Chemist: 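Attaching a single structure in structure tokens format; questions to follow.
Please read these numbers as outputs of a predicted model, since none were measured by experiment.
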Amino acid sequence: MKLMKLFSGAVAAAAVAVMLSACAPTAKQEGTGGYIDDTVVTTKVKTEFLRDESLKSREINVETFKGRVQLSGFVSSPQMANHAVEVTRRVQGVKSVVNNMQIK
């Protein structure tokens, strides 16, 4: 009976360890906490774009991975692209900005 309890406890501990390791981040995949943080950063950047009347926020896509924000989509001028980058840099949680926007 003691052996069965010991075995059951070991199986339960192994199951918990496997579940927790699934949430751990890797070099190319975020953990659960990192994903939530990046979602918050993306939302803050999009909110700032909506507040800025000079930017057409619907035409700019925002993706965040480990604090690195990538902007893509279309803007009307290089000045607008630079302005979008500057607005993004001011958002708390942004570590770097990659500008992949195109001028239309």
Chemist: How far apart are the closest heavy atoms of Phe49 and Ala84, and which atoms are they?
Modeler: CE2-O, 3.6 Å
Chemist: If you compare all heavy atoms of Arg89 against all heavy atoms of Val94, which two are closest, and at what distance to 0.1 Å?
Modeler: CA-CG1, 4.5 Å
Chemist: Please lay out, stage by stage, how Met80 and Leu55 fare under the test side chain to side chain contact (heavy atoms under 4.5 Å, CB included).
Modeler: CA-CA 7 Å; Met80 281 291 124; Leu55 293 172; 4.0 Å; yes
Chemist: Donor-acceptor pairs under 3.5 angstrom involving side-chain atoms of residues 96-104: please list them, not counting sequence neighbours.
Modeler:
unit_1 : atom_1 : unit_2 : atom_2 : d
Asn99  : OD1    : Met101 : N      : 2.9
Lys104 : NZ     : Glu59  : OE1    : 2.9
Lys104 : NZ     : Glu59  : OE2    : 3.2

Chemist: Taking all atoms of both residues into account, what is the closest heavy-atom pair of Val91 and Lys44, and its distance?
Modeler: CG1-CB, 3.5 Å
Chemist: Are Val85 and Val87 connected in a single hydrophobic cluster, I mean Ile/Leu/Val/Met/Phe/Trp/Tyr linked by side-chain heavy atoms less than 4.5 Å apart?
Modeler: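 They do share one cluster, since a chain of ILVMFWY contacts under 4.5 Å joins Val87 to Val85.
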Chemist: Would you say Asp52 and His83 make side-chain contact, with heavy atoms under 4.5 Å?
Modeler: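 Contact flag for Asp52/His83 side chains = yes.
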Chemist: Just verifying a value: how many Å separate Asn61 CG and Phe74 CZ, rounded to the nearest 0.5 Å?
Modeler: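 So the CG of Asn61 and the CZ of Phe74 are separated by 9.0 Å.
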Chemist: Not counting sequence neighbours, list each pair that qualifies as a side-chain hydrogen bond (donor to acceptor under 3.5 Å, both in side chains) and has a residue in residues 67-81.
Modeler: Ser77-Gln79
